[in-house]
There are 2 protein chains.
Amino acid sequence: MARKIYLAGPEVFLEDAARIADGKRAICARHGFEGRFPLDGDLDLSALTKREAGLAIFRANRRMMDGCDLIIANMTPFRGPSMDVGTAFEIGYMAGHGKPVLGYTNVTALFADRTKAFLGPDLIHRPSDGEPADANHMAVEDFDQVDNLMLESAVVEAGFEVVRTDVPADRLYRDLQGFEACVEQAAARLK
Amino acid sequence: MARKIYLAGPEVFLEDAARIADGKRAICARHGFEGRFPLDGDLDLSALTKREAGLAIFRANRRMMDGCDLIIANMTPFRGPSMDVGTAFEIGYMAGHGKPVLGYTNVTALFADRTKAFLGPDLIHRPSDGEPADANHMAVEDFDQVDNLMLESAVVEAGFEVVRTDVPADRLYRDLQGFEACVEQAAARLK
């Protein structure tokens, strides 16, 4: 039976998310995997409050993760210097289960550089220790990684490398080259 | 033996992080818990590259999480509309282990409203379905929750409520009222 990959990423928020899901599942199938995309839940949310609907989606996603063997996360920065926090949760959840974590980002700039650019004129060097920091004197993390150290390290610790690709701005959340490179890493190591 | 609480949050980036750690540990002790703060690792990183240091901190934090019984996460928004992604990973990791997740935020505004404010003039209503969205036509998530649904739902699913408190701007990452309320929830339910 084909191993199942949980397909995590902020593309769930795209209006054409179903099309991206089809593309990811097709790439998985070509490499002998079955891709599971969070939209696949087919939930009926119509009778629920917004909070109840959120909880129902959480449960469906968790159940889907529980049924998958590994995760490939889209770690592309999303509305700020860091990746989507829902995806970060899912990386943690799968790592907590001891399942392999792979990831890609469609922005090659490292986290420290992106954070400094995000802060702009609010970037300071703290008087106490000279560290680059924000207006709250909170340090700019710099471990030569693509995001907060818990995220890239989860991939490295699983024996993989985060795939970094620069893509045109209009394909930032749709380009699947980096995703396919992750599937190839998984196929070479996990089948 | 006192149950151990993993103390997750972006306050690790503060220059006075050790002082906040002391405050959190003292509150835990008053309620019969032992608080473990990520700085407690006492790692010697001096001979390592930045990437190696990041990985060493990841391993120390993971080991600390593995030794804790529950997590209380500071879910206050950090450099954008969402919480710190490292903390989001840690919530996921502990949830993946089936351990209780509690959390607080020092901003009471809900995620959808914060996201809209963050987007500012980039906020649109997508022609395809009328949904509030950003310039990439990616929807603004709205489940009446404090952040992405995976995060607050993890707390609710564990039987707790995210504690929301508004604090003065200069105490945004330092105020511990919400944290103490979480410890009280834990004491009432978990000891």
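Every chain is numbered from 1, with letters handed out A, B, ... down the list of sequences.
Between atom CG of residue A:Asp16 and atom OG of residue B:Ser128 there is a gap of 9.0 Å, rounded to the nearest 0.5 Å. Distance check: A:Asp170 CG to B:Asn136 CG gives 9.0 Å after rounding to the nearest 0.5 Å.
Residues B:Ile124 and A:Leu172 are members of separate hydrophobic clusters, defined by side-chain heavy-atom contacts under 4.5 angstrom among Ile, Leu, Val, Met, Phe, Trp and Tyr. When hydrophobic clusters are built by joining Ile, Leu, Val, Met, Phe, Trp and Tyr residues whose side-chain heavy atoms come closer than 4.5 Å, directly or via intermediates, B:Leu149 is grouped together with A:Leu45. Connection of A:Tyr173 to A:Phe37 is established within a shared hydrophobic cluster, with ILVMFWY side chains joined at heavy-atom distances below 4.5 Å, either directly or through further cluster members. Under the 4.5 Å side-chain heavy-atom criterion for ILVMFWY residues, a single connected hydrophobic cluster contains both A:Val107 and A:Leu110. Cluster annotation: B:Ile57 is connected to B:Tyr6 through the hydrophobic network of ILVMFWY side chains, with a link wherever side-chain heavy atoms come within less than 4.5 Å.
Only the side chain of B:Glu90 comes within less than 4.5 Å of a heavy atom of chain A; its backbone N, CA, C and O stay farther away. Neither the backbone nor the side chain of A:Glu52 comes within contact range of chain B; no heavy atom of the residue lies under 4.5 Å from a heavy atom of that chain. Residue contact with chain A, scored on non-hydrogen atoms closer than 4.5 Å, involves the side chain of B:Arg126 exclusively. Only the side chain of B:Met65 comes within contact range of chain A, with at least one heavy atom under 4.5 Å from a heavy atom of that chain. Residue B:Thr115 touches chain A through its side chain alone, counting heavy-atom pairs closer than 4.5 Å. Within the 4.5 angstrom heavy-atom criterion, no atom of B:Glu131 approaches chain A. Contacts between B:Ala154 and chain A at a heavy-atom distance below 4.5 Å involve backbone atoms as well as side-chain atoms. Looking at B:Asp66, there are no atoms closer than 4.5 Å to chain A (heavy atoms on both sides), in backbone or side chain.
Contact check for B:Phe89 versus A:Asn148: no side-chain heavy atoms found under the 4.5 Å cut-off. Contact of the B:Gln145 side chain with the A:Lys50 side chain is not registered, since no non-hydrogen atoms from C-beta on lie closer than 4.5 Å. Side-chain contact check for B:His137 versus A:Leu14: every heavy-atom pair is 4.5 Å or farther apart. Put simply, the side chain of A:Phe143 does not reach to within 4.5 Å of the side chain of B:Thr49, judged on heavy atoms. Using a 4.5 Å cut-off on side-chain heavy atoms (C-beta onward), B:Pro10 and A:Met138 make contact. Side-chain contact check for A:Val156 versus B:Arg51: some heavy-atom pair is nearer than 4.5 Å.
Summarising the geometry of A:Met83 relative to B:Val85, their closest heavy-atom pair is O-CG1, 3.2 Å, with the distance given to 0.1 Å. Scanning all heavy atoms of the two residues, the minimum distance from B:Phe58 to A:Met150 falls at CE1-O, 3.4 Å. For B:Pro81 against A:Arg79, the heavy-atom pair with the smallest separation is CD-O, 3.3 Å. For the pair B:Gly54 and A:Ser153, the tightest heavy-atom approach, listed with the atom from each and the gap, is O-OG, 3.7 Å.
Across A:Ala88, A:Gly80, A:Ala17, the residue that shares the most heavy-atom pairs under 4.5 angstrom with chain B is A:Ala88. In terms of non-hydrogen atom pairs under 4.5 Å with chain A, the most contact-rich of B:Leu119, B:Asn61, B:Asp142 is B:Asp142. Of the listed residues A:Ala133, A:Ala95, A:Ala169, A:Gly98, the one with more heavy-atom pairs under 4.5 angstrom with chain B than any other is A:Ala95. Considering only heavy-atom pairs separated by less than 4.5 Å from chain B, the leading option among A:Arg174, A:His97, A:Glu157 is A:Glu157. Heavy-atom pairs under 4.5 Å with chain A were tallied for B:Glu15, B:Glu11, B:Arg62, B:Arg59; the largest tally goes to B:Glu15.
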